[in-house]
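As the structure lists them, so they are numbered: ligands from 1, and atoms in each ligand from 1.
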Amino acid sequence: MKTVVIDAKTIAAQIKDEIANEVRLNTEKGMRPPHLAAILVGEDPASKTYVASKEKDSHSVGFTSSVYRYPETMSEKELLGVVDFLNNDPDVDGFIVQLPLPKHINENNVINAINPDKDVDGFHPVNVGKMVLGMPTFLPATPYGIQTLLERTGIETSGKHCVVIGRSNIVGTPMANMLSRNASNANCTVTLCHSRTQNLKELTLQADILVVAIGKRHFVTEDMVKEGAVVVDVGIHRVDDPTNPKGYYITGDVDFEHVAPKCSFITPVPGGVGIMTRVSLLMNTMTAYRRNMEKA
Ligand code: GUN
């Protein structure tokens, strides 16, 4: 099988160029740029890295970016106060509260407090409901990125059997929903597999498109994949490696080396879904901004 490694870097760069051009045209007309804000509570290293990337991405396309940083000891009430402030700041088009939050803060209370019109993560129940109903909304970043990647790579989804492994609220569940909808970039027959699924391999072997978001390194092996399948790897694992200048390397939920030769298309890790997830947040912020400019 001639395998195509999906070129997410080029696709993400194209989308960022499109966004940057739109922002430039608007600001040349005297409009303000889009504004994406983030709230970061505590010192979780991964969260700090994610928020720093969001800031960098925002600046790279001409957005205004602001980050509200608070100590681990912040109370839920104080955080809800910041959410309320951003909900009411007319210069902020969208914002995210970086997860996970410290244990003494109830994440659902915080997500529920976000104005759905500014919820560019697409986590608020109103936006999840709109997604399920196929109404225009902010789609969660990772499945939105994957759908965009498939579309821009020219991969036909209509009528295909898509098997999703993992049922998280932010990846597997929305992915299964989005790909089953009656839309030109969807129309799949979807099977959603999870920890209680029996005969997993029997199901994955039927997949024309296999989306793996299980969070286990090299969980998908070559014997689980049909010849010619499209494989999308959502996993990100850091593996210690003293021979690597960074001291580690990054790998995914799929045993790429052995699975790739069987695939028609496969996403690499790193350089695949992760890049698209970052771009999705920019696309959602543009959507919020366009709405605000139309209202103004
Ligand atoms: N933590 C891990 N992924 C995400 C995400 O997409 N959004 C937010 N807010 N927090 C996260």
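At a threshold of 4.0 Å, the pair Asp255-Arg217 does not count as salt-bridged, since none of the basic side-chain nitrogens sits closer than that to a carboxylate oxygen. Using a 4.0 Å cut-off between charged side-chain N and carboxylate O, Arg152 and Glu18 make a salt bridge. Salt bridge Arg32/Asp93: present, at least one basic N to carboxylate O contact under 4.0 Å.
Under 3.5 Å, the side chains of Glu76 and Asn109 contain a donor-acceptor pair of N or O atoms.
Other residues, nucleotides and ligands contribute at most 12 non-hydrogen atoms within 6.0 Å of the CD atom of Gln198.
Ordered by chain and residue number, the residues placing a heavy atom less than 4.0 Å from ligand 1 are Ile96, Val97, Gln98, Leu99, Asp121, Phe123.
Hydrophobic cluster membership for Val51: Leu40, Val67 (Ile, Leu, Val, Met, Phe, Trp, Tyr linked by side-chain heavy atoms under 4.5 Å, directly or transitively).
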